[in-house]
Structure formats: C-alpha cells, structure tokens
Amino acid sequence: MINIAIDGPAGAGKSTIARRTAANLGYIYVDTGALYRAVGVSVLRRGLDTTDAKAVAQVLNEIKIELKFVDGVQHVFLNGEDVSTDIRLPEASMAASNVSAIPAVRAFLFDLQKSIAANSNCIMDGRDIGTVVLPDAQLKVFLTASAEVRAKRRYDELVVKGTPVEFNELLEEIKLRDHNDSTRAIAPLKKADDAVLVDSSDMTIDEVCETLEKLVREIK
Ligand code: DC
C-alpha cells in the first residue's frame, strides 16, 4: 500500500490539499484530527474537563470510534452516531487538542489509524503521522504557514459562512493550539527528519497541490 503522511499545524491547509490530491490519485483521505475531535466531543458531552487525564481515560472505556468512507468522504462515528458535523463546532478544536495530549487517548486511536493505512492507499493528515503512526510512509510532508496567514485563512472561511468572528481571537486560538500541540510530552507536532518541508504562506492552494503531486510522482 502507498501511504502518504502530511503533518503540520492547524490551518496550514492540510485537509484541503490532502483531500484534493487523494481524489486525483484515487486514494482515500484520512483526517486523523477528526478522531481526536470525536474523543473531545464525547468528553464535552459528559460535562467533563478535557484536560483531566483520569476522567478522559474513563470515557475511553465507554466509547467506540469508527471511520467510514462514503463516496470517498470520511465520516466519523461515535458509538454508532455520525458526529461528523458536531466535531467541527468551535469548542471541539481545543477539546481535541487537550485530549490529544493524554497518552491513553493516543494509544486508543493508534490501531485504528494503522489498520486503515495497512489496507488502503491513503493520504493521512495529522500531527504525528510521519513521526509516530506511519514512520515508514513512502512520502512525508510537513505543511506549514505563518500563524497570521493561517488565522487569516480561517477568518475568510468563517466570513464566507456568515459566522461573525474576531481575527485576533482566531489568531490567539491558533497560537495556543500550536503551543499545546508542539510542546506536549507525547507525539508532539514536529517535522519528521525525512519529511519534505512545504511552507504555504505565500502559495495558492493550486501551487501547494502541484508541489504535492510532483512529490508523489517522484515516489513511483
Ligand atoms: O487537525 P485538527 O485541527 O482537526 O486536529 C484537532 C486536534 O487534534 C489538534 O489540535 C491536535 C490533535 N491531533 C493530534 O494530536 N494528532 C493528530 N494526528 C491529529 C490531531
């Protein structure tokens, strides 16, 4: 199986680029952030603190998380319920970041990610795919962009959707998540030694896709 790992901070454009390239290649696109978001949502729904490792570990005994691909589109299920919409609620982002720092959560989601990659040609995006989940991926990309550019992209997306937001609030949240994700003790966000660094700050989506497709052609 061909496995491509794309890691990078929130808002770098990983999902847009990975989804489009996967569709062009006929691979599945696996968004691993959705798994952490589903755990975060289940903890929030129970009214528990997403940083409380003991409480979160207890929740893991009560939940089953599955990914299903419908016409190539990933859906995430929490105890049989499709939570693909709820995991995109604003509060799910920090909840996911918080639970993702808990070792039991990472262990809980590891096998699911490995088994998908073992059975399909895929592009998998996240924070630790090249470093921990798929260290033998045929191609690893670390996609980044400045915090300001990432916040501006989120801001523009939300404005188009008609959701009122403060740019500075988005920027602060992005910086806080970067800090959380890259300083945690377990599987922190970092570039794998053998990953190709792509800084998309001054690139269009088309340019980033072309760069990725060129890298993919080189592995074959
Ligand atoms: O990619 P995303 O923004 O949907 O991810 C949400 C959070 O999940 C992110 O802030 C950190 C965590 N995450 C992780 O720790 N490891 C991954 N492979 C993917 C996401």
Side-chain angles (χ1 to χ4, degrees), residues 3-19 22 28-44 50-51 53 56-57 59-60 63 65 67 73-76 78 83-117 122-135 137 140-145 147 149-151 153-155 157-158 170-192 195 200:
N3 295 158
I4 298 171
I6 304 189
D7 291 299
K14 300 185 300 289
S15 61
T16 308
I17 274 89
R19 185 177 297 116
I28 59 167
Y29 161 53
V30 187
D31 161 17
T32 63
L35 301 171
Y36 293 90
R37 286 170 178 270
V39 174
V41 163
S42 69
V43 175
L44 288 178
T50 51
T51 63
V56 174
V59 170
L60 297 177
I63 60 174
I65 291 179
L67 287 185
V73 178
Q74 171 182 303
H75 289 253
V76 56
L78 172 62
V83 291
S84 306
T85 305
D86 280 18
I87 61 166
R88 299 296 155 201
L89 293 170
E91 59 270 28
S93 303
M94 272 314 289
S97 183
N98 288 339
V99 298
S100 74
I102 300 170
V105 172
R106 305 204 74 84
F108 179 76
L109 297 174
F110 184 78
D111 290 347
L112 174 57
Q113 297 169 80
K114 286 296 271 188
S115 72
I116 294 171
C122 70
I123 301 187
M124 189 173 279
D125 87 20
R127 303 291 187 288
D128 64 335
I129 308 306
T131 50
V132 177
V133 179
L134 304 176
K140 299 178 188 177
V141 173
F142 192 83
L143 182 64
T144 190
V149 166
R150 290 183 281 127
R153 288 178 184 161
R154 273 282 145 88
Y155 179 82
E157 267 171 30
L158 292 169
L170 280 181
L171 181 59
E172 284 316 305
E173 202 220 274
I174 284 219
K175 286 184 177 168
L176 181 61
R177 255 206 309 150
D178 284 357
H179 179 77
N180 240 358
D181 295 346
S182 51
T183 58
R184 65 179 178 227
I186 182 166
L189 165 67
K190 73 166 195 240
K191 180 186 163 299
S200 73

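Indexing begins at 1, ligand by ligand and atom by atom, following the structure's order. All figures in this text were calculated on a predicted structure; none of them were measured in a lab.
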Atoms of ligand 1 close to [X] [distance to a heavy atom under 4.0 angstrom, numbered from 1]:
| X | answer |
| --- | --- |
| G126 | 17 (C), 18 (N), 19 (C) |
| S97 | 7 (C), 10 (O) |
| D128 | 16 (N), 17 (C), 18 (N) |
| R37 | 2 (P), 3 (O), 4 (O), 6 (C) |
| R177 | 3 (O), 5 (O), 6 (C), 7 (C), 9 (C), 10 (O) |

The protein heavy atom nearest to atom 19 (C) of ligand 1 is T32 OG1, 3.4 Å
For atom 17 (C) of ligand 1, closest protein heavy-atom neighbour: R127 N, 3.4 Å
Has M94 got any heavy atom lying under 4.0 angstrom from an atom of ligand 1? no
Using 4.0 Å as the upper bound for N to carboxylate O, is an ion pair formed by D125 and R19? no
For D128, is there an ion pair with R106 - N to carboxylate O distance below 4.0 angstrom? yes
With sequence neighbours excluded, residues passing side chain to side chain donor-acceptor pair (under 3.5 Å) with T32: none
Find out whether L143 and S200 are in side-chain contact, i.e. whether some heavy atom of one side chain is under 4.5 Å from a heavy atom of the other. yes
Any side-chain heavy-atom pair from F108 and I102 closer than 4.5 angstrom? no
Indicate every side-chain donor-acceptor pair of residues 88-96 with a distance under 3.5 Å to a residue at least two apart or in another chain.
unit_1: R88; atom_1: NH2; unit_2: D31; atom_2: OD2; d: 2.8
unit_1: S93; atom_1: OG; unit_2: R37; atom_2: NH1; d: 3.4
unit_1: S93; atom_1: OG; unit_2: R37; atom_2: NH2; d: 3.4

Under 3.5 Å between some N or O of ligand 1 and some N or O of D181? yes
Give yes if a backbone or side-chain nitrogen or oxygen of Y36 is under 3.5 Å from a nitrogen or oxygen of ligand 1, and no if not. no
K14 side chain vs M124 backbone, donor-acceptor pair below 3.5 Å: no
